[in-house]
Amino acid sequence: METVVSGIRPTGNLHLGNYFGAVNNFLKMQQDANCYFFVADYHSLTTHPHPDNLNASVKQVLAEYLACGLDPEISTLYIQSDLPETTELYLFLNMLSYVGELERSASFKEKIRKNPDNVNAGLLTYPVLMAADILIHRATKVPVGKDQEQHLEMTRNFAVRFNHLYGVEFFPEPVAYNFGVQLVKVPGLDGSGKMGKSEGEGNAIFLIDEDDVIKKKVMRAVTDVGPTGPNQQKPDAIENIFSLMRLVSSNDTIQHFEDSFNNCTIRYGDMKKQLAEDMNVFISPIREKIKLISADEKYLAKVVKAGADKAHENGRKTINEARKIIGIRSF
Ligand code: TRP
């Protein structure tokens, strides 16, 4: 079985776009591979979050992924900082990574462009820490989006360099996990591109959104005056509403609105009301589960402890061997 590592950044609440994208894929992946999922709290420190906020977001993201169905009985689910072996491997890999290649990384360049006042060394070595996350479990596969492909390539370079320098075949060269299906497109509510929290208030429907919040956001979604003739092509904003409906509504409902669009009797107010209802039916069980889990400190502590133990067992092995290879041996 393949070993997979995936890092989850604690950067806010999950929305439907995350659910039908990354989360859904994680749920499938955990059935097919030996998965290590961790909440990347060390990585968050590059932006100096307030300690209370950091702690709260780590808990929240954990509760949300658990509520969605990440199963700690099947996968290893842990907090990055509960596996400090990662930082030792990070140090070892830092000795093998070149300042030049780190400076050339696209994400580093973008980050210093956006935040010229906070160009810290942690930002520069972010890809090294990510490589340590992956190589600490000697993973062979990593589920990455486009924006993380370069980081994965750097991980392979560090792995190969380590093996070469010490004349060993210790670290595998991890490649992207292929889900074998096309990613589902989840548009936002503002009539433009995809659902995302940075696209502005009201563009995304979060898994913690209450019924009335969902309704308010959906009713404000961008539409137009309606079709002016039979069987027209749908404008982008309208196609978006249909796309969202295809995720949460029944086939009959979708067909009903397809027909009424085609014969020009459609009323977008009715369609949005229906969409809001169906979204709520879809989201409410997850939302209630998130509430239950995030209020259950005991359960969360148990999950995190079990995950840390499992991650530690494997991470410890890697570090012990790496130390030996490097020449850090006991007297
Ligand atoms: N850099 C990843 C992101 O921005 C998060 C991450 C950290 C990660 N370490 C990882 C992902 C290891 C996969 C494997 O989303």
Side-chain angles (χ1 to χ4, degrees), residues 2-15 17-19 21-30 33-47 49 54 57-58 61-62 64-65 70 75-91 93-94 97 102 105-112 114-115 120 122-159 171-179 183 194 196-198 307 311 314-315 318:
E2 304 270 6
T3 297
V4 174
V5 166
S6 187
I8 299 166
R9 278 177 304 137
T11 54
N13 301 106
L14 291 174
H15 52 66
N18 302 131
Y19 185 87
V23 180
N24 237 344
N25 286 333
F26 284 1
L27 299 184
K28 270 183 258 153
M29 201 167 68
Q30 71 177 349
N34 176 25
C35 290
Y36 291 88
F37 297 105
F38 67 92
V39 182
D41 58 348
Y42 283 149
H43 276 103
S44 298
L45 298 177
T46 54
T47 59
L54 176 63
S57 358
V58 168
V61 79
L62 194 65
E64 294 196 5
Y65 273 89
L70 265 206
S75 301
T76 304
L77 192 53
Y78 66 101
I79 313 296
Q80 187 181 28
S81 56
D82 279 340
L83 185 61
E85 283 82 354
T86 305
T87 58
E88 188 171 346
L89 185 56
Y90 169 58
L91 182 143
L93 296 176
N94 267 323
S97 59
L102 297 175
S105 119
S107 67
F108 179 68
K109 284 198 244 171
E110 190 185 315
K111 279 174 192 158
I112 61 174
K114 283 192 180 153
N115 292 302
N120 59 66
L123 213 52
L124 182 69
T125 56
Y126 183 109
V128 189
L129 182 54
M130 178 159 162
D133 293 325
I134 297 165
L135 297 177
I136 194 72
H137 297 300
R138 296 208 267 166
T140 48
K141 293 268 163 86
V142 183
V144 285
K146 267 252 160 296
D147 62 324
Q148 299 294 316
E149 264 168 17
Q150 197 181 25
H151 289 158
L152 189 55
E153 194 188 326
M154 293 168 96
T155 302
R156 285 193 290 273
N157 290 340
F158 302 148
F171 289 120
E173 290 177 56
V175 295
Y177 189 95
N178 188 348
F179 292 104
L183 279 183
K194 62 177 202 186
K197 57 176 171 285
S198 48
N314 199 37
T318 304

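First listed ligand is number 1; within each ligand, the first listed atom is number 1. The first residue in the sequence is number 1, and the count goes up from there.
Of all protein heavy atoms, the one lying nearest to atom 15 (O) of ligand 1 is R9 NE, 3.2 Å. At the shortest separation from atom 13 (C) of ligand 1 among protein heavy atoms lies G7 N, 3.3 Å. Among protein heavy atoms, atom 9 (N) of ligand 1 sits closest to D133 OD2, 2.8 Å. Nearest protein heavy-atom contact of atom 2 (C) of ligand 1 is Q148 OE1, 3.4 Å.
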Side chain to side chain contact (heavy atoms under 4.5 Å, CB included) evaluation trace for L77 with Y65: CA-CA 10 Å; L77 192 53; Y65 273 89; 5.7 Å; no

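Contact annotation: for V144 versus ligand 1, there are no heavy atoms closer than 4.0 Å. Only side-chain heavy atoms of F38 come within less than 4.0 Å of ligand 1; its backbone N, CA, C and O stay farther off.
Using a 4.5 Å heavy-atom cutoff, the side chains of H43 and L129 are in contact.
For F108 and Y126, the distance between ring centers is not under 6.0 angstrom.
Those atoms of ligand 1 that come under 4.0 Å of a heavy atom in V142, given as number and element, are 13 (C), 14 (C). Each of the atoms 12 (C), 14 (C) of ligand 1 lies under 4.0 Å from some heavy atom of I134.
When every heavy atom of E64 is checked against every heavy atom of N13, the shortest pair comes out as OE2-ND2, 2.7 Å.
The N/O atoms of Y126, backbone and side chain alike, include one that comes under 3.5 Å of an N/O atom in ligand 1.
Classified by interplanar angle (parallel below 30°, tilted 30° to 60°, perpendicular above 60°), the ring pair Y78/Y36 is perpendicular.
The pair R156-E153 fails the salt-bridge criterion, with no side-chain N (NZ, NE, NH1 or NH2) lying under 4.0 Å from an Asp/Glu carboxylate O.
Heavy-atom contacts from other residues, nucleotides or ligands closer than 6.0 Å to NZ of K28 number more than 12.
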